[in-house]
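Please read the structure below before turning to the comments.
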Amino acid sequence: MTTETTTTPRHTALYEEHERLGASFTDFGGWMMPLKYSSELAEHHAVRNSAGLFDLSHMGEVWVTGPEAGKFLDYALVGKLSAVADGRAKYSLICNADGGIIDDLITYRRPANQDGDRYLVVPNAGNAPTVAAELAARAKGFDVTVEDASASTSLVAVQGPKSVEILLQLVPAAQHATVRDMKYYSADEVDFTVAGAPLKLLLARTGYTGEDGFEIYVPNTNAGSLWNALLEAGQSADLLPAGLACRDSLRLEAGMPLYGNELSLQVSPFDAGLGGVVSLKKDSDFVGRAALEAQKEKGSARKLVGLKGAGRRAGRSHYPVLKDGRTIGEVTSGQPSPTLGYPIALAYVDAEFAEPGTRVEVDLRGKPEPFDVVELPFYRREQ
């Protein structure tokens, strides 16, 4: 006889705020997260045209600190993190010894302090405990400290063309230029005024929507007051609270991979079009290097591509991709694009059919529909 165990999804520090806003919830990566508040389409268009406010507190925050922090991350991740300048960020991957992707993540380099160099590693929700444990295990022999601060840290994002306008209402005039001039993939400590009190927070100009936007790291105790201050500041800018449903449609339009869909332990960075993230030029060894060198030399049998529907019906995850009636791949993510007005999908297909312009079909529950392989991203915002 076997006993089934269930794990109750965790709540972020903002869960009660979402309840008050009437959110519909879903279990995502072991967290009970808002799926949508009213209309996922309205939330999607708000991010594209004005701004959306996201709770991303299910993401992880792992600090790596010490004299050998950069050297250690060069070994633990596939990129060269020691070359990242203070205040900048880098997208990277943590792989296993076989070259499989454990997670994709963003790492921010912060100014050094008395303990040495400092990096903030941000893994995805369900992978955060695994990544924190893996980094701690890989740290043996390096003069570094790995601290998982995920449980005490919330993450709030303002995404959309009016995000700067909204943030400036909470930042003193002396730091307006800091916010306005912040480069993409950078971060800085910024003074906020929240509920009448000063609050110094880490502000990053990063995101997962394809729009301009910011992510704010805040202690759990201040998350609710910051969330409500941003909602109030965003009223004149038509900001809407936004859930995971529109986050998924936004990232798909931007051609951004989702772990568990496009990325997994069974996928090589080269299969996923992320070969440029792997720094085989760095002179030091790193976990997975030998396997990744062999994978690059061999080439990918299947490649991740974008598919544009020629009809109106959308392909969904796990739908077969066909060529002349033969299965050549599988959809990993797909839905109608709210911004573009036609179906889009990401899929792995046999490498010989990965060239943009190739006509394929997606098996929509027994009915093949035409799709064209196209370059990614599907949507690119105007600069």
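What you see below is based on every heavy atom in this structure, not just the backbone, and it leaves out hydrogens, waters and symmetry mates.
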>> If the threshold is 4.0 Å, N to carboxylate O, is there a salt bridge linking Glu211 and Arg48?
In response: yes
> Tell me, which pairs form a ring pair (Phe, Tyr, Trp, His ring centres under 6.0 Å) where one or both residues lie in residues 311-356, sequence neighbours left out?
Replying inline: none
Name every donor-acceptor pair, under 3.5 Å, that has one atom in a side chain of residues 236-249 and the other anywhere in the protein, sequence neighbours excluded.
{"from": "Asp248", "atom 1": "OD1", "to": "Arg251", "atom 2": "NE", "distance (Å)": "2.9"}
{"from": "Asp248", "atom 1": "OD1", "to": "Arg251", "atom 2": "NH2", "distance (Å)": "3.0"}
{"from": "Ser249", "atom 1": "OG", "to": "His44", "atom 2": "ND1", "distance (Å)": "2.7"}
{"from": "Ser249", "atom 1": "OG", "to": "Cys246", "atom 2": "O", "distance (Å)": "3.0"}

>> Test your reading of the model: is there a side-chain donor-acceptor pair from Asp74 to the backbone of Ser82, 3.5 Å cut-off?
In response: yes
>> With a 4.5 Å cut-off on side-chain heavy atoms, are Arg110 and Asp86 touching?
In response: no
>> Between Thr12 and Ser57 (side chain of the first, backbone of the second, donor and acceptor by atom type, cut-off under 3.5 Å), is there such a pair?
In response: no
> So, for Val144 and Phe72, which heavy atoms are closest and what is the spacing to 0.1 Å?
Replying inline: CG1-CB, 3.9 Å
Side-chain donor/acceptor pairs under 3.5 Å, residues 182-196, sequence neighbours excluded:
{"from": "Ser186", "atom 1": "OG", "to": "Lys183", "atom 2": "N", "distance (Å)": "3.3"}
{"from": "Ser186", "atom 1": "OG", "to": "Lys183", "atom 2": "O", "distance (Å)": "2.4"}
{"from": "Asp191", "atom 1": "OD1", "to": "Lys200", "atom 2": "NZ", "distance (Å)": "2.9"}

>> Tell me which pairs pass ring pair (Phe, Tyr, Trp, His ring centres under 6.0 Å) where either residue lies in residues 145-172, with sequence neighbours left out.
In response: none
> Is it true that Val218 and Val171 fall in one hydrophobic cluster, defined by side-chain heavy atoms closer than 4.5 Å?
Replying inline: yes
>> Working note: Asp212 + Arg205, criterion salt bridge (Lys or Arg N to Asp or Glu O under 4.0 Å); need CA distance, chi angles, decisive distance, verdict.
In response: CA-CA 8 Å; Asp212 187 19; Arg205 200 165 201 167; 2.8 Å; yes
>> Please give the remaining members of the hydrophobic cluster of Phe25, linking ILVMFWY side chains under 4.5 Å, ordered by chain and number.
In response: Tyr15, Met32
>> Under a 3.5 Å distance rule, please check whether Ser264 uses its side chain to pair with a backbone N or O of Gln266 as donor and acceptor.
In response: yes
> Do side-chain atoms of Asp103 reach the backbone of Ile94 as a donor and acceptor pair under 3.5 angstrom?
Replying inline: no
> Does Leu230 belong to the same Ile/Leu/Val/Met/Phe/Trp/Tyr cluster as Leu14, with side-chain heavy atoms less than 4.5 Å apart forming each link?
Replying inline: yes
>> Do Ser333 and Glu262 pair up side chain to side chain, a donor and an acceptor below 3.5 Å, judged on atom types alone?
In response: yes
> Got a sec, which residues hit ring pair (Phe, Tyr, Trp, His ring centres under 6.0 Å) with His58, two or more places apart in sequence or on another chain?
Replying inline: Phe28
> Do Asp115 and Thr65 meet the criterion of a side-chain donor-acceptor pair at a distance under 3.5 Å?
Replying inline: no
> Which heavy atom of Gly311 sits nearest a heavy atom of Pro343, and at what distance?
Replying inline: O-CD, 3.3 Å
>> I'd like to check the salt bridge (Lys or Arg N to Asp or Glu O under 4.0 Å) partners of Arg88; sequence neighbours left out, ordered by chain and number.
In response: none
>> Using 0.5 Å steps for rounding, measure from the CD atom of Gln175 to the CG atom of Leu203.
In response: 9.5 Å
> Is there a donor-acceptor contact under 3.5 Å from the side chain of Ser163 to the main chain of Gln159?
Replying inline: no
> Under a 4.5 Å side-chain heavy-atom rule over Ile, Leu, Val, Met, Phe, Trp and Tyr, are Val84 and Leu202 clustered together?
Replying inline: yes
> Is the closest side-chain donor-acceptor distance between Ser152 and Asn220 under 3.5 Å?
Replying inline: no
> Closest heavy-atom contact between Pro356 and Glu375?
Replying inline: CG-CG, 3.6 Å
> Counting N and O atoms only, with roles assigned by atom type, does the side chain of Glu43 sit under 3.5 Å from a partner on the main chain of Tyr37, one being a donor and the other an acceptor?
Replying inline: yes
> How far does CD of Gln335 sit from OG of Ser317, to the nearest 0.5 angstrom?
Replying inline: 11.5 Å
> Are Asn261 and Thr332 linked by a side-chain donor-acceptor pair shorter than 3.5 Å?
Replying inline: no
>> Has Lys323 got a side-chain atom pairing as donor or acceptor with Arg359's backbone, closer than 3.5 angstrom?
In response: yes
> Tell me the ring pair (Phe, Tyr, Trp, His ring centres under 6.0 Å) pairs involving residues 219-247, sequence neighbours left out?
Replying inline: His18-Trp227
>> So, using salt bridge (Lys or Arg N to Asp or Glu O under 4.0 Å) as the criterion, who are the partners of Arg289 when residues are at least two apart?
In response: Glu293
> Are Ile106 and Val62 in one and the same hydrophobic cluster, where Ile, Leu, Val, Met, Phe, Trp and Tyr link if side-chain heavy atoms are under 4.5 Å apart?
Replying inline: yes
> Counting distance only, does the side-chain N/O of Ser225 pair as donor-acceptor with the main-chain N or O of Asn222 below 3.5 Å?
Replying inline: yes
>> Hydrophobic cluster membership, with links at side-chain heavy-atom distances under 4.5 Å among I/L/V/M/F/W/Y: are Val277 and Met256 in one?
In response: no
>> Quick check for you: to the nearest 0.5 Å, what is the distance between Leu93 atom CG and Ile102 atom CD1?
In response: 10.5 Å
>> So Val179 and His176, do their side chains get closer than 4.5 Å, heavy atoms only?
In response: no
> Just by modelled atom types, is the Asn127 backbone N or O under 3.5 Å from a matching donor or acceptor in the Asn124 side chain?
Replying inline: no
Which pairs of donor and acceptor atoms, one on a side chain in residues 294-310, lie under 3.5 Å apart (sequence neighbours left out)?
{"from": "Gln295", "atom 1": "OE1", "to": "Ser268", "atom 2": "OG", "distance (Å)": "2.8"}
{"from": "Gln295", "atom 1": "NE2", "to": "Asp98", "atom 2": "O", "distance (Å)": "3.0"}
{"from": "Ser300", "atom 1": "OG", "to": "Asp271", "atom 2": "N", "distance (Å)": "3.4"}
{"from": "Ser300", "atom 1": "OG", "to": "Asp271", "atom 2": "OD1", "distance (Å)": "2.7"}
{"from": "Arg302", "atom 1": "NE", "to": "Asp350", "atom 2": "OD1", "distance (Å)": "3.2"}

> Please, which pairs that meet ring pair (Phe, Tyr, Trp, His ring centres under 6.0 Å) have at least one residue in residues 74-120, sequence neighbours excluded?
Replying inline: Tyr75-Phe142, Tyr108-Tyr217
> Any idea which heavy atoms bring Arg316 and Gly334 closest together, and the distance?
Replying inline: NH1-O, 3.3 Å
> Asp117: what forms a salt bridge (Lys or Arg N to Asp or Glu O under 4.0 Å) with it, not counting sequence neighbours?
Replying inline: Arg109
